[in-house]
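A short worksheet on the structure shown next.
Chain naming here is simple, since letters A, B, ... match the order of the sequence lines and numbering starts at 1 in each. Given the structure is predicted, the values throughout are model-derived calculations rather than measurements.
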Amino acid sequence: MSPASQEETNLLNLFQRVSGIGVVAAKKFVDKGYKSLEDLSNDPNLTHHQCVGLKYVDEFEKEIPRDEMENLLAIVKKTLNEIDSRYNMEACGSFRRGANISGDLDIILTHPDFTEVEEKVVKRHKATTPLLAQAVQALEKYGFLTDFVSTGNVKYMGVCQFPGTDPRSNQPYLHRRIDLRFIPHENYYTGLLAWTGDDELNRIMRSRAKELGYTLNEYGLRRRIKTETEETPGEKIPINSEEDVFKKLGMPYMEPHERNLRGVVKKKYLMYEE
DNA sequence: TTGACGCGCGCATCCGA
DNA sequence: TCGGATGCGCC
DNA sequence: GTCAA
């Protein structure tokens with residue numbers, strides 16, 4: 001590769017470390033002649049997301065120890081329960097699968113007042129559910145949320161920071177990415193399953209569902225209706241636990257910590273090769 | 001090593017009618 | 001001004 | 001890029 005295009009590749013990779021900058025934006029910045037993140041910071045036209053991404057570019061690349069994840073989650077639970085005890089929340093992703101370190105904190109939220117019907121109304125009328133906004137407001141007031149990336153009716157993406165000094169570094173705790181995702185309470189278990197993952201298990205379960213004439217996603221498990229010409233999703237199958245989903249698919253239940261299939265599949269493959 | 005494959009959604013922002 | 005298209009991050 | 005063969 002020529003030195004010039006090597007430099008371009010390096011810059012593309014550098015710019016894409018910033019959250020909010022993907023391939024298209026990175027190319028645009030290279031075309032503008034930017035050579036560094038400092039050049040980037042002088043651009044007056046960065047999106048809000050990109051500004052936040054740039055501000056915390058180093059911190060977002062640092063992994064979050066499990067005990068800090070637990071502390072962060074505890075704050076969210078405590079704060080939200082104080083304003084409304086009917087909030088239900090669970091941290092998903094690798095944390096729920098038992099990982100010792102995580103990249104971000106992904107929390108799904110339900111509330112008995114937020115149903116599928118309610119969600120449809122919200123979307124059609126572009127009204128706002130106060131439930132997520134209220135939760136965010138409470139966490140901001142606490143000083144726990146420091147910046148937002150995006151904030152809508154059902155999904156908040158932002159930045160949080162545990163208060164005080166991190167004994168590991170003797171410095172303030174790092175800024176961490178946090179997502180709050182509101183889902184209709186009827187979809188809680190399929191949502192929990194989907195957002196806990198991992199990707200590989202999701203793929204396996206979805207394709208198994210397909211084989212059995214179902215369709216599975218974070219919104220539920222449905223029977224597919226086959227007609228002459230087309231297939232449409234049919235009635236939703238009632239799900240009252242994650243176990244229910246495994247059961248319907250004829251699979252043995254897997255505890256969250258048993259759902260790390262990515263590494264397992266790879267390991268098996270490597271063993272086969274040797 | 002090779003070839004098949006990877007979905008869809010919420011939000012911010014841009015763009016053209 | 002508004003609706004659709006695009007970019008992005010995410011399991 | 002990932003993953004199965």
Determine which pairs satisfy salt bridge (Lys or Arg N to Asp or Glu O under 4.0 Å) with at least one residue from residues 97-115 of chain A, sequence neighbours left out, and list them in order.
A/R86-A/D113, A/D106-A/R181

Phosphate OP1/OP2 of C/dC11: any A/R181 side-chain N/O under 4.0 Å
no

Which ones in residues 35-49 of chain A lie close to DNA chain B, meaning a heavy atom under 4.0 Å from one of its atoms?
A/T47, A/H48

Name the closest nucleotide to the [X] side chain, picking from [options].
| X | options | result |
| --- | --- | --- |
| A/S150 | C/dC10, B/dA12, B/dC9 | B/dA12 |
| A/M157 | C/dC11, C/dG9, B/dC11 | C/dG9 |
| A/D199 | B/dG10, C/dC11, C/dC10 | C/dC11 |
| A/A25 | B/dC9, C/dC8, C/dC11 | C/dC8 |
| A/V23 | C/dC11, C/dC8, B/dG10 | C/dC8 |
| A/T151 | D/dA4, C/dC10, B/dA12 | B/dA12 |

Pairing pattern in dot-bracket form [Watson-Crick, G-U; both distances under 3.5 Å; | = partner strand] for DNA chain B:
|||||..||||||||||

Rounded to the Å, how far apart are [X] [atom1] and [N] [atom2]?
| X | N | atom1 | atom2 | value |
| --- | --- | --- | --- | --- |
| A/F148 | C/dG9 | CZ | P | 16 Å |
| A/I21 | C/dC10 | CD1 | P | 14 Å |
| A/N187 | C/dC11 | CG | P | 19 Å |
| A/D147 | C/dG9 | CG | C1' | 17 Å |
| A/W195 | C/dC10 | CH2 | C1' | 6 Å |
| A/N202 | C/dC10 | CG | P | 16 Å |
| A/M205 | C/dC11 | CE | C1' | 14 Å |
| A/I108 | C/dC10 | CD1 | C1' | 14 Å |

Which is true for A/R259 with a 4.0 Å heavy-atom rule: it touches a base, it touches only sugar-phosphate, or it touches nothing?
nothing

Using a heavy-atom cut-off of 4.0 Å across all strands, would you classify A/D106 as base, sugar-phosphate, or nothing?
sugar-phosphate

So, does A/T196 use its side chain to make a donor-acceptor pair with the main chain of A/L193 at under 3.5 Å?
no

Side chain of A/R17, backbone of A/V57: donor and acceptor closer than 3.5 Å?
no

Mind telling me whether A/F60 and A/Y56 have parallel, tilted or perpendicular rings, with 30° and 60° as the class edges?
tilted

Hey, do the aromatic rings of A/H48 and A/F148 have their centres closer than 6.0 Å?
yes

Give the cluster check for A/L174 versus A/V52: same hydrophobic cluster or not, with ILVMFWY residues linked at side-chain heavy-atom distances below 4.5 Å.
no

Please report the distance separating the [atom1] of [N] from the corresponding atom of [M], rounded so that it comes out in whole Å.
| N | M | atom1 | result |
| --- | --- | --- | --- |
| C/dC8 | B/dC7 | C1' | 16 Å |
| D/dG1 | B/dG8 | P | 24 Å |
| B/dG6 | C/dC10 | C1' | 14 Å |

Donor-acceptor list for residues 27-35 of chain A side chains, cut-off 3.5 Å, not counting sequence neighbours:
{"unit_1": "A/K32", "atom_1": "NZ", "unit_2": "A/D43", "atom_2": "OD2", "d": "2.9"}
{"unit_1": "A/Y34", "atom_1": "OH", "unit_2": "A/D43", "atom_2": "OD2", "d": "2.6"}

Scan side-chain atoms only and decide if A/N71 and A/Y173 contain a donor-acceptor pair under the 3.5 Å cut-off.
no

Can you list, by chain and residue number, the hydrophobic cluster partners of A/I101 when the side-chain cut-off is 4.5 Å?
none

Under the side chain to side chain donor-acceptor pair (under 3.5 Å) rule, what pairs show up with a residue in residues 162-172 of chain A, not counting sequence neighbours?
A/D67-A/R168

